[in-house]
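Here's the structure, in structure tokens; my notes come after.
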Protein chains: 2
Amino acid sequence: MQDEGIEPNIGDGSRRILDAAEELFADRGFDAVSMHAIAQAAGISKANIYHYFPNKDALYLAVLRSASENLRTLLQEAINSHGSVSEILHHFANSHLQALLKRPRLVRLVWREILEKGAPRAKELAEQGFSELFSNLVELIRNGQERGELRAEIDPAVAAILLIAGNVFFFQHRDTLRHYPEVAFANDPEAYDKAMVELLLLGIATPNPSS
Amino acid sequence: MQDEGIEPNIGDGSRRILDAAEELFADRGFDAVSMHAIAQAAGISKANIYHYFPNKDALYLAVLRSASENLRTLLQEAINSHGSVSEILHHFANSHLQALLKRPRLVRLVWREILEKGAPRAKELAEQGFSELFSNLVELIRNGQERGELRAEIDPAVAAILLIAGNVFFFQHRDTLRHYPEVAFANDPEAYDKAMVELLLLGIATPNPSS
DNA sequence: GTGGCCCTCGACCGGTTGGTCGGTCCAGCA
DNA sequence: TGCTGGACCGACCAACCGGTCGAGGGCCAC
């Protein structure tokens, strides 16, 4: 039968296990983390983990499920806004990137699962967050087009992908970007998002006077 | 001329090992791949691997070095072009994405290493490809600004990141994107790049606010 | 008391891991 | 012809893996 809403047995014991496992899985991946290491990080014995979770896969799945849900609700906040399309997009980009930066462990964990090819343990689960976000953003851009604030010729999906990709790329490579002198915004995600959305809105080409 | 000048012993034996290891490491990651599996995939005995490589780490490093070099030369082709800025950017984006799609194993392998946090085995090695690409693209956009074809107000680094991020995102999620009805270009990278570069050039906002 | 009921644990299991070792095969060369 | 050295392998090793088991201990109802 199906589980009803929320996992029934989330006590203090399993919570500490989940926390420890989440960090380790996010940092090193499924295979590189042993149950012994998780137990040690949680401050309990390895056998005790098996009192709460039947096996390693189930533990990983529980961690992923928890992370996916948390990440989803976190990202959901990005689409609650109003105003002009420009304001909405600015708010969306900023909230989205802030959400990613707020819980980097969750993001890395979920992303790791999405990118895995060998053994997709719960790909759909990990993808659901992106799915909602993407659909909502596409809808949002489409509304902007209908209201005439955005050009009708553009593909909303391309614009949505660019916005999300820009944020994800910044999140994933912010440490690397810090090393480049060309990058002035590596430590300032808000400035980055501001520049990015303005660039997306106005384009990089010099406007043609005879348009 | 078969001598590459760097690695002294690249014979037929080690080549097959590197090929097999590259595929397995790219698909499943370092820890999930056993030396036995690599030997089996290469059609040799496990002990024979140790005739060419001192240990698993050295083998992984050799695979990563080879992949990084190949990927770098592959990406290098993207920056050789001329014409107007618009043409150059279109060519760059297209070549870049084609390069990614041409050798997905290399890309996944290198990207996996970049994203790893627990044990960065050769992060700098994996990042060098992106480094060159990014610097060249920034320079390219800066030239366009000096020639007046691109707006002077934009940050070249932001534009460069958006372009690369858009391609990388498409590459990494093309399988997922196929499931969305909003996405018409999931099987057509050229169409995607065309739309993306045009969007970047002209922006998504209507040029004249509500008249 | 004492019997159940969760937690918690050390000790243990079979299997797999990265890595080693002694030895075989065979082309090249004297 | 015999020797040499690189390519190659089956068998083996200690360590570790995920997972099991039986036993303790605190706690509450009786």
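All values derive from a computational prediction rather than experimental measurement. Convention: sequence-line order gives letters A, B, ...; per-chain numbering from 1.
OP1 and OP2 of dA7(D) both lie 4.0 Å or more from every side-chain N or O belonging to Asn48(B). Checking the phosphate oxygens (OP1, OP2) of dC21(D), no side-chain nitrogen or oxygen of Tyr50(A) falls inside 4.0 Å. Contact check, His51(B) against dC8(D): no side-chain N or O comes under 4.0 Å of OP1 or OP2.
Atom pair Phe25(B):CZ and dG18(C):C1' shows a separation of 12 Å (rounding to whole Å applied). Rounded to whole angstrom, the span from the CG atom of Asn55(A) across to the C1' atom of dG18(D) amounts to 9 Å. Distance, Arg16(B) CZ to dA7(D) C1': 12 Å, rounded to whole Å. Rounded to whole Å, the distance from OH on Tyr52(A) to P on dG18(D) is 20 Å. If you measure from atom NZ of Lys56(B) to atom C1' of dA15(D), you get 15 Å, rounded to the nearest angstrom. Regarding Leu61(B), its CG atom lies at a distance of 17 Å from the C1' atom of dG18(C), rounded to whole Å. As a whole-Å value, the separation of Phe53(B) CZ from dG18(C) P is 15 Å.
Side chains of Gln145(A) and Pro156(A) form a contact here, defined as non-hydrogen atoms less than 4.5 Å apart.
Against DNA chain D, the stretch residues 33-46 of chain B makes heavy-atom approaches under 4.0 Å through Ile44(B), Ser45(B).
Checked against Leu100(A) for a side-chain contact (heavy atoms from CB on, under 4.5 Å), the options His96(A), Arg103(A), Gln98(A) give a single hit: His96(A). When each of Ile161(B), Ile88(B), Leu89(B) is checked for a side-chain contact (heavy atoms from CB on, under 4.5 Å) with Leu137(B), only Leu89(B) meets the rule.
Relative orientation of the Tyr60(A) and Phe30(A) rings is perpendicular, given thresholds of 30° and 60° on the angle between their planes.
The stretch residues 39-52 of chain B participates, sequence neighbours left out, in no salt bridge (charged side-chain N to carboxylate O under 4.0 Å, His left out) pair at all.
Note: Phe169(A) and Phe169(B) fail the aromatic proximity criterion, with ring centroids not under 6.0 Å apart.
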